[in-house]
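Just so we're on the same page: letters track the sequence lines, and every chain starts at 1.
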Number of protein chains: 2
Amino acid sequence: MYRLYDYLPSGNGYKVRLLLSQLGLPFERVEVDITKGETRTPTSLARNPNGRIPVLDLGDGTCLAESNAILHYLAEGTAFLPQERLMRAQVLQWMFFEQYSHEPYIAVVRFWHMHGGLSEDRRRQLPDKERQGHAALAVMDRHLADNTFFVGGRYTIADIALYAYTHVAHEGGFDLSRYLAVMGWLDRVRAQPGHIAITQG
Amino acid sequence: MYRLYDYLPSGNGYKVRLLLSQLGLPFERVEVDITKGETRTPTSLARNPNGRIPVLDLGDGTCLAESNAILHYLAEGTAFLPQERLMRAQVLQWMFFEQYSHEPYIAVVRFWHMHGGLSEDRRRQLPDKERQGHAALAVMDRHLADNTFFVGGRYTIADIALYAYTHVAHEGGFDLSRYLAVMGWLDRVRAQPGHIAITQG
């Protein structure tokens, strides 16, 4: 059985939980408190030398890290990842967009609000983080104005990857109400069979 | 024919140039000066709404963005991307590591040194950027102490993705000499057939 090293408030962990649930795959969840340094213990570092969650143990001790690589692994051969070459690349394009241009702003500001609040250093970085977070939301909104889902007109792991932190962006102070196409897409993602909430372990 | 919108000093652009060269695929290179805002013109934004290079025009006007998604697209079905499910996921794991835990530190500090130098704001961010850059190099070094290449004992797009900014890390002030396994791996990558330098258009 799969074992997921996870942290419940983490959007990156949630991506994997959500897909496992939608694939109907049973898994054991092991909570790792990232705020207490539990990803940096020798045991955790043996699973992922980069000291982050989520990590998926495939059942035989083989550990896979990086939320979007795990999504790709699990989705291979299912309806959540297209077969066609260009669409597969477009799915990855949005997933790399998520990790480079979205998560470092939207997820990080949410983390600050949830843990420790705004120190002087964080306060100094905040305007730039907010600007770049809104830039990412604007890119998504433009794309979703003409598209039901991110790739190929159907729900894929690109949607899962981007939904994870977008739907809780308000917890970092990002007002989504001006992004109408994003709001509609969030509803469509929530309506997918087997959907679970981020608070659901 | 492929057309690559590119910027010669960019490691992200170099990844694609290097793979195209090693695949023996002809392409037209179009230089886009990111320091002059040329990725933010209406024409550039139509190709990639996220306003970045590289962008690969597949020859029919279809544009693909995100360097690592482009690598994956080009490598599909070739020796540069394994067929086996777990190895494919491990290739992606290292590519997401590169974009999240490596590039934002090692590439960004190099960019600062090359363009504009260290403003007060950059100087304030520098110690953290350096710390996280060295953390990424240490993760690579530990892995490469036991592995010839990143995945499956052979040269893949995971190596190309990580080579691009690692081999010029010294241009951002990162001293690589303490990372012996990384140094050996850089030599092995450079020795691959069809290798080109980052300065080669």
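- When the candidates A:P49, A:A136, A:A65 are compared by the number of heavy-atom contacts under 4.5 Å with chain B, A:A65 comes out ahead.
- B:A69 and A:A89 make their closest contact through CB-O, 3.7 Å (heavy atoms, listed as atom of the first residue, atom of the second, distance).
- A donor-acceptor contact shorter than 3.5 Å is absent between the side chain of A:Q99 and the backbone of B:Y100.
- A:F96 contributes atom CZ, which lies 8.5 Å from atom CG of B:L71 (distance to the nearest 0.5 angstrom).
- With chain B as the partner, the residue from A:L64, A:D121, A:V139 showing the most heavy-atom pairs under 4.5 Å is A:L64.
- Inspection of the B:Q90 and A:Y73 side chains reveals no N or O donor paired with an N or O acceptor under 3.5 Å.
- Ranked by non-hydrogen atom pairs under 4.5 Å with chain B, the options A:Q125, A:H72, A:E103, A:R124 are led by A:R124.
- Counting only heavy atoms from C-beta outward, the side chains of B:E66 and A:M95 never approach each other to under 4.5 Å.
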Run the side-chain contact (heavy atoms from CB on, under 4.5 Å) check on B:L92 and A:L92 step by step: do they pass?
CA-CA 10 Å; B:L92 282 175; A:L92 282 175; 4.0 Å; yes

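- B:L86 places a side-chain heavy atom less than 4.5 Å from the side chain of A:T62.
- Atom CG of A:L45 sits about 7.0 Å away from atom CZ of B:R142, to the nearest 0.5 Å.
- Counting heavy-atom pairs closer than 4.5 Å to chain B, the top-ranked of the candidates A:E76, A:H143, A:R85 is A:R85.
- Chain A forms more heavy-atom pairs under 4.5 Å with one residue of B:N68, B:V91, B:L58, B:I70 than with any other, namely B:N68.
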